[in-house]
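These notes are about the structure you will find just below.
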Amino acid sequence: MLQSFKLFFNCNLVRSRSYSGYYVSRVRYLKRLKEDDEACREALKSGIFLLYHKLSPLLRETSSGIYTLASLKTSGFNTTPFKLFHYVNKRILHMHLYICMPISVDLEHILEKVGKDKHFVNESFLLGCTDKGEPQFSLEVGDIDRSALEQECRGMFVDLRKAFFMLPGPESPLAAKGQALLRWHQTNCFCSATGQPTIRNQSGSFRVCHSSGITYYPKMAPVVIVLVSDGSRCLLARQTMFPLGMYSALSGFCDMGESVEETLHREVAEEVGLEVKNIQYSGSQHWPFPQSSFMLACHATVNPDKTQVNIDKAELEDARWFTYEEITEALRKPPLDPRREPPVFWVPPSYAIANQLIQEWANQQQLSRKLHGLK
Ligand SMILES: NC(=O)C1=CN([C@@H]2O[C@H](COP(=O)(O)OP(=O)(O)OC[C@H]3O[C@@H](n4cnc5c(N)ncnc54)[C@H](O)[C@@H]3O)[C@@H](O)[C@H]2O)C=CC1
Ligand SMILES: [Mg+2]
């Protein structure tokens with residue numbers, strides 16, 4: 001298990017470094033913004049803002065019909081490079097126009113139009129920074145005329161669950177992070193020891209109660225998710241609250257003081273009455289629904305002669321073993337279309353780590369079938 005962990009983290013490090021040579025400087029820049037209020041306030045001027053209305057992100061449809069997160073900028077950024085370089089060198093001017101043009105709507109101007117003070121952008125929370133080094137922020141617009149703002153921004157606020165189906169892969173985690181951070185701040189305005197208000201730092205990386213001296217940091221609840229296999233089939237389950245026909249891997253919150261392995265053994269025993277072995281770490285994911293969870297995904301096996309499930313009906317509506325053929329068919333199905341009847345059996349979409357586990361299991365089955373000369 002430990003080895004798999006090491007391998008995973010090393011791979012991720014290599015991946016991050018290779019897709020951007022500026023990884024270290026970006027990370028250090030972000031660390032400075034988190035710790036230095038003044039630097040973070042300055043960064044707001046060149047920031048990219050993701051807007052949320054009652055925690056729903058603002059999306060925009062591109063000319064090719066694809067939805068993306070709508071990124072807005074403040075006038076500080078849009079005009080300064082132009083003024084600075086216009087008189088210096090025409091080539092530089094062209095370069096900057098090229099970089100700045102895609103984002104044409106000025107956030108401060110828009111916010112003023114819907115009755116917000118231009119200093120309202122200071123209420124944003126730092127999310128990260130782009131490959132180009134532009135800091136990204138999330139901003140909850142609160143109680144405003146929603147449709148007026150949508151019109152001004154040429155976009156629409158979409159419930160995050162729906163947005164996950166519409167956004168291209170890499171944008172979903174960013175939308176989720178923005179929502180999670182906003183939600184955490186909304187629900188941690190008071191100190192649980194004194195009842196006094198907590199005060200945020202500029203980046204939003206923590207809140208402090210000046211009365212008790214307690215610092216609160218944004219939290220995620222660790223959850224273990226496991227795909228159990230008996231060698232030729234995998235075990236999937238559904239809760240009554242799941243959409244019709246959807247089955248997923250078993251999951252459960254870590255109890256205080258538990259290791260990943262302990263949670264995994266306990267949850268499988270509690271929910272389906274099985275004892276697992278051969279735990280293998282697969283990956284992790286921040287999951288925003290219903291509140292921030294930190295999903296730790298693993299594979300595990302049971303003896304092929306001990307596969308009888310005994311379902312805890314208080315937790316699960318059903319749990320069943322699925323064959324390789326059933327799984328590959330479910331994986332082939334296109335993403336769920338809300339306008340059509342859901343299929344009889346389907347698995348979570350690709351943005352959910354459960355899908356990654358199922359995909360990995362299918363790939364592994366395919367490989368061992370090839371080795372054994374099966375189709
Ligand atoms: N991204 C993915 O692929 C998947 C994500 N999930 C997520 O995993 C999470 C946990 O899965 P479940 O099987 O429902 O957990 P679970 O099997 O532990 O059952 C949930 C129950 O645990 C209790 N609980 C204990 N600690 C809790 C905490 N910190 N927060 C909330 N409830 C707590 C509550 O009584 C709750 O009703 C869910 O939020 C679900 O959305 C689940 C499956 C797939
Ligand atoms: Mg569960």
Side-chain angles (χ1 to χ4, degrees), residues 55 159-165 167 169-177 179-180 183-184 187-188 192 216-229 234-276 281-300 309-320 322 327 330-331 333 335-336 342 345-362:
L55 297 177
D159 178 77
L160 190 63
R161 275 190 194 269
K162 269 195 211 144
F164 262 40
F165 279 101
L167 289 170
E171 290 205 341
S172 302
L174 187 64
K177 183 175 177 179
Q179 192 207 56
R183 189 198 298 278
W184 182 82
T187 51
N188 286 272
S192 49
Y216 294 90
Y217 294 96
K219 282 195 178 54
M220 300 187 279
V223 172
V224 175
I225 176 161
V226 55
L227 189 65
V228 180
S229 170
C234 69
L235 184 63
L236 299 179
R238 55 171 283 110
Q239 300 176 10
T240 38
M241 64 196 289
F242 281 7
L244 211 63
M246 190 186 90
Y247 280 72
S248 184
L250 299 173
S251 58
F253 287 97
C254 295
D255 279 350
M256 185 64 83
E258 268 184 340
S259 66
V260 170
E261 293 86 340
E262 285 167 340
T263 306
L264 194 153
H265 283 290
R266 178 181 54 75
E267 281 292 334
V268 177
E270 273 179 15
E271 295 191 352
V272 290
L274 293 173
E275 283 188 41
V276 292
Y281 176 75
S282 163
S284 65
Q285 172 183 55
H286 165 248
W287 188 244
F289 312 115
Q291 295 202 5
S292 277
S293 296
F294 179 53
M295 309 296 301
L296 290 144
C298 298
H299 292 274
V309 292
N310 175 3
I311 302 169
D312 175 359
K313 284 285 183 184
E315 293 260 344
L316 299 177
E317 184 185 86
D318 190 23
R320 278 166 43 198
F322 289 87
I327 293 293
L331 286 171
K333 279 175 196 152
L336 197 63
F345 160 57
W346 56 286
V347 292
S350 57
Y351 58 74
I353 202 152
N355 183 286
Q356 175 184 311
L357 283 174
I358 296 166
Q359 192 82 57
E360 283 170 352
W361 181 84

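We number each residue from 1, following the sequence as shown. One-based numbering, in listed order, for ligands and for the atoms of each.
Take the N/O/S atoms of Glu271: the one nearest the Mg ion (ligand 2) is OE2.
Distances from atom 35 (O) of ligand 1 to the protein include no heavy-atom value under 4.0 Å.
Between the side chain of Tyr216 and the main chain of Ser192, a donor-acceptor pair closer than 3.5 Å is present. A donor-acceptor pair is defined here as one N or O able to donate and one able to accept, closer than 3.5 Å; such a pair exists between the side chain of Asn355 and the backbone of Pro348.
Against a heavy-atom cut-off of under 4.0 Å, Pro290 is close to the following atoms of ligand 1: 39 (O). Near Phe289, the atoms of ligand 1 lying under 4.0 angstrom from a non-hydrogen atom of the residue are 39 (O), 41 (O). Close approach of ligand 1 to Ser248 is summarised as follows: ligand atoms under 4.0 Å from at least one heavy atom of the residue are 43 (C), 44 (C). Within ligand 1, counting atoms from 1 as listed, the ones closer than 4.0 Å to a heavy atom of Gln285 are 1 (N). The contact set between ligand 1 and Gly252, taken as ligand atoms under 4.0 Å from a residue heavy atom, comprises 15 (O), 16 (P), 17 (O), 18 (O).
Atom 19 (O) of ligand 1 has as its closest protein heavy atom Glu315 OE1, 3.5 Å. Here the heavy atom of the protein found nearest to atom 44 (C) of ligand 1 is Ile225 CD1, 3.4 Å. The shortest contact between atom 3 (O) of ligand 1 and any protein heavy atom is with Ala354 N, 3.0 Å. Among all protein heavy atoms, the one lying closest to atom 42 (C) of ligand 1 is Ser251 OG, 3.4 Å. Annotation: atom 14 (O) of ligand 1 to nearest protein heavy atom, Gln239 NE2, 3.3 Å. Glu271 OE2, 2.7 Å is the protein heavy atom nearest to atom 17 (O) of ligand 1. Closest to atom 4 (C) of ligand 1, if we only count protein heavy atoms, is Met295 CE, 3.7 Å.
If you check each of Phe253, Trp287, Phe294 against atom 32 (N) of ligand 1, the one with the closest non-hydrogen atom is Phe253.
Among the atoms of Ser251, an N, O or S atom falls under 2.8 Å from the Mg ion (ligand 2). At a threshold of 2.8 Å, the Mg ion (ligand 2) has no backbone or side-chain N, O or S atom of Glu315 nearer than that distance.
Taking only nitrogen or oxygen atoms, main chain and side chain alike, Ile353 reaches within less than 3.5 Å of ligand 1.
Of all heavy-atom pairs between Trp346 and Pro349, the closest is CZ3-CD, 4.4 Å. Summarising the geometry of Val276 relative to Leu264, their closest heavy-atom pair is CG2-CD2, 3.5 Å, with the distance given to 0.1 Å.
Distance check, rounded to the nearest 0.5 Å: CZ of Arg183 to CD of Gln291 gives 5.5 Å.
Under the 4.5 Å side-chain criterion, counting only non-hydrogen atoms from C-beta, Ser248 is in contact with Phe242. The side-chain heavy atoms of Ile327 and Leu236, taken from C-beta on, include a pair separated by under 4.5 Å.
Using 4.0 Å as the threshold, Gln291 has no heavy atom nearer than that to any atom of ligand 1.
Inspection of the Ser292 and Trp184 side chains reveals no N or O donor paired with an N or O acceptor under 3.5 Å.
Counting heavy atoms under 4.0 Å from ligand 1, residue Asn355 does not touch it at all.
Ring-plane geometry between Tyr351 and Trp287 is classed as parallel, the angle between the planes falling under 30 degrees on a 0 to 90 degree scale with a further cut at 60.
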Requested in this report: Assess whether side-chain contact (heavy atoms from CB on, under 4.5 Å) is satisfied between Phe322 and Trp361, documenting all intermediate values.
Outcome: CA-CA 11 Å; Phe322 289 87; Trp361 181 84; over 6 Å; no

Query raised in the report: Which is it for Asn188 and Lys219 under the side-chain contact (heavy atoms from CB on, under 4.5 Å) test, yes or no, and what are the steps along the way?
Result: CA-CA 10 Å; Asn188 286 272; Lys219 282 195 178 54; over 6 Å; no

Requested in this report: Evaluate the side-chain contact (heavy atoms from CB on, under 4.5 Å) criterion for residues Leu235 and Leu274: first the C-alpha distance (whole Å), next the side-chain angles of each, then the deciding distance (0.1 Å), finally the verdict.
Outcome: CA-CA 11 Å; Leu235 184 63; Leu274 293 173; 3.9 Å; yes

